[in-house]
Amino acid sequence: MAIRCFIFTLLAMLGTGLYGQNTFDHDMEAIIKGEREAFVAKTKPKSKRSGNRYDLTYQKLTLDIDSLAPRNRRIEGNVYSELIALDDNFTSFTFDLTSNMVVDSVKVNGVATSFVRIGNEIVLSVVVQNAGALITSQVYYSGDPSKSDQRGFNYDAQLAGPMIWTLSQPYGAYGWWPCKQQLKDKIDSFDMDVRIPKGNKAAGLGILAAVDTLADSSLVFKWRHRHPVSTYLVSVTVTNYYEESHYIQLSRGDSVLQLDYIYPAYKPAADTLRWAIDGMMRTFDSLFGDYPFKDEKHGHAMFGRGGGMEHQTMSSMAHLRFDLMAHELGHQWFGDKITCGSWQDLWLNEGWATYANAIAREFHKTKEEHLTFLKSSISSATWRDDGAVYAYDTSDVRNLFDGDIRYNKGSAVLNQLRWELGDSAFFAGTRKYIADADLCYGFAYTQDFQEAIETASGQDLNPFFDRYVYKEGFPILTTRWNRVNAGDLRIKIDQVTSHPSVSFFPLKIPFRAMGPNGDTTFLLNHSEPNQELTFDLGFRVDDLQFDPNYWLLARNTLVEGTHVDLSSIQVFPNPSTNSLSVFMQDKKVDRLELIDLQGRVLRVLDVQSLKGKTTTIDISSLVNGIYLLRATSGGESIVVKFTKTSF
């Protein structure tokens with residue numbers, strides 16, 4: 001196992017110099033694959049727990065890791081907890097710990113007491129308490145966490161030595177420490193003391209208060225975190241890291257510590273890549289609201305799985321490329337500060353973190369790189385016809401961690417919502433959501449996000465969320481366009497939907513029209529399935545782009561129709577005596593006729609010989625008077641008038 005992990009890490013490091021959409025696609029696949037596999041390996045949430053209900057206010061995890069070597073896979077530790085009883089007649093409570101880990105002893109309110117193990121639960125008894133009572137407990141345990149089915153604790157290796165890393169999303173924390181394995185109760189405050197072999201560093205949550213050296217030369221890293229945290233966002237990684245740190249100046253004048261724990265062999269790449277985090281942090285801090293943990297830090301700790309994981313204040317990272325850093329940084333707001341209240345609302349975490357990538361590219365990469373990301377997200381979200389952003393079936397792991405729907409469609413929905421509302425209302429609503437006292441450092445549902453955006457925008461967004469979040473599919477459009485004269489553009493647009501749950505998607509469609517004498521963007525209000533509209537743009541349009549900046553979650557086919565307009569045929573001199581020069585620019589004319597004012601066709605000209613060049617026509621045999629050149633394309637015709645004269 002260690003050899004395979006070593007090879008994987010080496011290959012990952014060899015690829016750190018690659019950039020672009022392909023590398024991000026690979027990162028996203030790794031993120032989604034890892035989270036999906038973690039979910040499969042970990043137990044589903046309990047619908048009912050043994051014992052009484054309680055609110056977990058504080059925990060301290062003390063962990064002894066004697067060796068990082070795979071041959072000595074054993075840890076010892078204890079977890080001290082403070083909790084508040086939520087029921088009267090409170091007599092028992094439980095923690096979760098996988099059955100292969102040994103519970104050595106337990107204390108409740110400072111007194112050693114007996115306990116019962118029921119499967120993966122530890123049931124502790126307490127003298128009867130009323131609601132509101134403060135209860136303390138301490139659970140001492142030991143064992144090999146790598147044998148747990150949850151695979152939350154991993155022995156691994158990187159180029160410079162062995163390592164351990166943890167990943168607990170969504171239900172793997174109880175595979176390596178006694179905890180309350182639920183998505184309903186955050187730990188209000190969390191400390192972690194980790195004893196490790198000398199020469200290594202232990203990455204953790206919050207502030208590093210101290211590093212003590214013991215008599216045997218082992219080190220104790222003491223991490224202190226004073227913000228509520230979900231159990232699955234607690235993590236520790238240990239290896240012989242190289243450390244870098246600096247302060248990032250934020251948008252409102254304050255700063256935050258950036259701490260990076262890097263593999264020694266990755267240092268040359270990190271010295272260049274890691275600085276991109278500064279601009280992202282300032283942008284997100286400005287658009288989303290204050291970085292949630294600026295009084296502590298933001299950090300990266302490299303680990304042995306592909307992709308990354310948004311562990312609170314210290315994301316676990318396979319590398320430090322731009323898009324992965326943006327994704328995990330976005331999670332500190334969307335997932336960590338506010339966590340989805342149910343796995344059905346997972347898109348609030350993953351859709352937003354994916355959209356954070358788009359925003360980071362928008363502000364810190366080229367326009368082409370930004371649009372490439374948006375185009376890729378839309379393509380991923382629309383390659384199949386079904387799929388709701390809201391995850392109705394969380395028992396199907398492939399459905400829950402569906403990268404096309406939960407990640408990319410979620411991101412595209414947010415992008416279109418921003419387009420519908422405008423930047424001001426969209427980001428004001430986002431900041432309101434993030435700052436909501438009832439939600440921040442807690443849990444939220446889709447309805448909470450919708451209400452915040454509605455308040456900021458003053459709009460009823462039930463129709464939007466119904467179509468794009470709770471129902472399935474997207475609009476499939478066919479857009480036909482053609483010129484009808486020198487400055488007029490006709491657009492015929494037809495819509496069907498990819499899934500019968502939605503009959504029609506109203507759209508505000510941006511078009512970009514371009515020609516030799518103009519370049520403009522205009523909007524079409526698509527309010528019914530079949531529409532035909534004419535726009536006077538004031539210049540000849542040679543090219544039309546549908547949604548040039550990729551705002552819309554839609555699949556479109558753009559069809560250029562036949563063009564017939566006065567600007568496509570030029571005759572000179574006019575009046576003319578014996579010959580007439582004709583230039584026909586438009587190459588889609590089927591027939592060109594010389595007719596008199598009585599409508600009689602006097603001559604049919606060779607269209608192929610005229611296209612794209614000037615041709616001289618002999619008109620010496622015509623009597624003096626007014627004549628017409630009539631051009632026909634499809635079922636449409638236009639005429640150009642000229643005069644035959646003798647002088």
Side-chain angles (χ1 to χ4, degrees), residues 54-63 79-84 166-170 173 177 179-194 202-210 221-237 245 247-248 250-252 254-259 261 277 281 284-285 288-301 308-316 328-341 348-349 352-353 356 430-444 448:
Y54 64 89
D55 175 27
L56 196 53
T57 60
Y58 172 75
Q59 285 191 297
K60 179 179 180 180
L61 169 60
T62 301
L63 197 61
V79 177
Y80 171 81
S81 304
E82 296 179 0
L83 52 106
I84 303 294
T166 66
L167 190 148
S168 299
Q169 188 187 44
W177 65 286
C179 61
K180 186 179 182 181
Q181 186 72 80
Q182 281 193 338
L183 197 59
K184 300 294 184 183
D185 184 14
K186 290 191 176 184
I187 310 161
D188 295 342
S189 184
F190 184 82
D191 293 340
M192 181 170 62
D193 289 358
V194 188
L205 281 60
I207 294 173
L208 183 59
F221 278 67
K222 297 183 175 182
W223 291 97
R224 304 293 181 257
H225 187 45
R226 294 297 170 260
H227 295 278
V229 59
S230 294
T231 304
Y232 80 91
L233 294 173
V234 172
S235 174
V236 61
T237 60
S245 65
Y247 279 88
I248 302 173
L250 299 178
S251 55
R252 280 167 284 278
D254 47 4
S255 63
V256 63
L257 172 66
Q258 175 65 36
L259 177 64
Y261 279 9
I277 197 69
M281 176 68 80
F284 293 176
D285 181 76
F288 305 154
D290 290 345
Y291 170 65
F293 313 107
K294 65 180 181 180
D295 57 334
E296 295 185 351
K297 74 168 186 308
H298 176 262
H300 300 128
M309 179 62 206
E310 63 273 15
H311 295 124
Q312 199 151 298
T313 76
M314 195 75 164
S315 292
S316 296
E328 302 306 338
L329 176 60
H331 267 311
Q332 298 297 315
W333 284 264
F334 306 99
D336 291 12
K337 181 178 183 181
I338 297 184
T339 307
C340 59
L348 291 176
N349 290 16
W352 254 113
T430 299
R431 288 189 293 273
K432 178 175 176 57
Y433 169 70
I434 288 294
D436 190 323
D438 294 329
L439 304 177
C440 63
Y441 303 105
F443 300 92
D448 296 315

(request) Using ring pair (Phe, Tyr, Trp, His ring centres under 6.0 Å) as the criterion, list what pairs up with His225, not counting sequence neighbours. (result) His227, Phe293
(request) Please lay out, stage by stage, how Leu63 and Met192 fare under the test side-chain contact (heavy atoms from CB on, under 4.5 Å). (result) CA-CA 8 Å; Leu63 197 61; Met192 181 170 62; 5.6 Å; no
(request) List in chain and number order the residues that pass side chain to side chain donor-acceptor pair (under 3.5 Å) with Ser81, two or more places apart in sequence or in another chain; answer none if no residue qualifies. (result) Gln59
(message) Among Ile207, Leu205, Leu257, exactly one meets side chain to side chain contact (heavy atoms under 4.5 Å, CB included) together with Thr313. Which residue is that?
(response) Leu205
(message) Side chains of Ile277 and Leu329, heavy atoms from C-beta outward: is any pair under 4.5 Å?
(response) yes
(request) For the residue pair Leu167 and Ser235, establish whether any side-chain heavy-atom pair is separated by less than 4.5 Å. (result) no
(request) Compare every heavy atom of Met314 with every heavy atom of Ala203, then report the nearest pair and how far apart it is. (result) CB-CE, 3.8 Å
(request) Quick one: list whatever passes ring pair (Phe, Tyr, Trp, His ring centres under 6.0 Å) with Phe288, sequence neighbours left out. (result) Phe284, Trp333, Phe334, Trp352
(request) Measure the spacing between CG of Leu208 and NZ of Lys222 and express it to the nearest 0.5 Å. (result) 10.5 Å
(message) Tell me whether Arg252 is salt-bridged to Asp285, with the criterion being a basic N under 4.0 Å from an acidic carboxylate O.
(response) yes
(request) State which residue, out of Asp188, Asp185, Ile187, fulfils the side chain to side chain contact (heavy atoms under 4.5 Å, CB included) condition with Thr57. (result) Asp188
(message) Can you tell me how far apart CD1 (Ile338) and CD (Gln332) are? Round to the nearest 0.5 Å.
(response) 13.0 Å
(message) Under a 3.5 Å cutoff, is there a donor and acceptor pairing between the side chains of Lys186 and Thr339?
(response) yes
(request) With rounding to the nearest 0.5 Å, note down the distance linking CG in Asp336 to NE2 in His331. (result) 8.0 Å
(request) State which residues pass side chain to side chain donor-acceptor pair (under 3.5 Å) with Tyr247; sequence neighbours excluded, sorted by chain then number. (result) none
(message) Can a side-chain donor-acceptor contact be found between His300 and Ser315 if the only test is distance below 3.5 angstrom?
(response) no
(request) Side-chain contact test, heavy atoms from C-beta onward, threshold under 4.5 Å: evaluate it for Leu233 versus Met309 and give yes or no. (result) yes
(request) Please report the shortest heavy-atom distance between Ser168 and Val234, naming the atom on each side. (result) OG-O, 4.1 Å
(message) Determine whether a donor-acceptor pair (N or O, by modelled atom type, separation under 3.5 Å) exists between the side chain of Glu296 and the backbone of Arg226.
(response) yes
(request) Calculate, to the nearest 0.5 Å, the distance between atoms NE2 and OG belonging to His311 and Ser230 respectively. (result) 11.5 Å
(message) Could you tell me if the side chain of Val236 sits less than 4.5 Å from the side chain of Phe221, heavy atoms only?
(response) no
(request) State which residues pass salt bridge (Lys or Arg N to Asp or Glu O under 4.0 Å) with Asp436; sequence neighbours excluded, sorted by chain then number. (result) none
(request) Drop me the distance from Thr231's OG1 to Leu56's CG, to the nearest 0.5 angstrom. (result) 7.0 Å
(request) Flag this pair as yes if the NZ/CZ of Lys297 is under 6.0 angstrom from the six-membered ring centre of Tyr291 and inside a 45 degree cone about the axis; otherwise no. (result) no
(message) Less than 4.5 Å apart, side chain to side chain, heavy atoms only: is that true for Leu259 and His298?
(response) no
(message) Ignoring hydrogens, what is the shortest heavy-atom contact between Pro228 and Tyr441? Give both atom names and the distance.
(response) CB-O, 3.4 Å
(message) Please tell me whether Tyr232 and Trp177 form a close aromatic pair, meaning their ring centres lie under 6.0 Å apart.
(response) no
(message) Under 4.0 Å between a side-chain nitrogen and a carboxylate oxygen: does that hold for Asp290 and Lys337?
(response) no
(message) Holding to salt bridge (Lys or Arg N to Asp or Glu O under 4.0 Å), I want the full list of residues that pass it with Asp193, two or more places apart in sequence or in another chain.
(response) Lys60, Arg224
(request) Check the side chains of Tyr58 and Asp191 for a donor-acceptor pair under 3.5 angstrom, ignoring hydrogens and angles. (result) yes
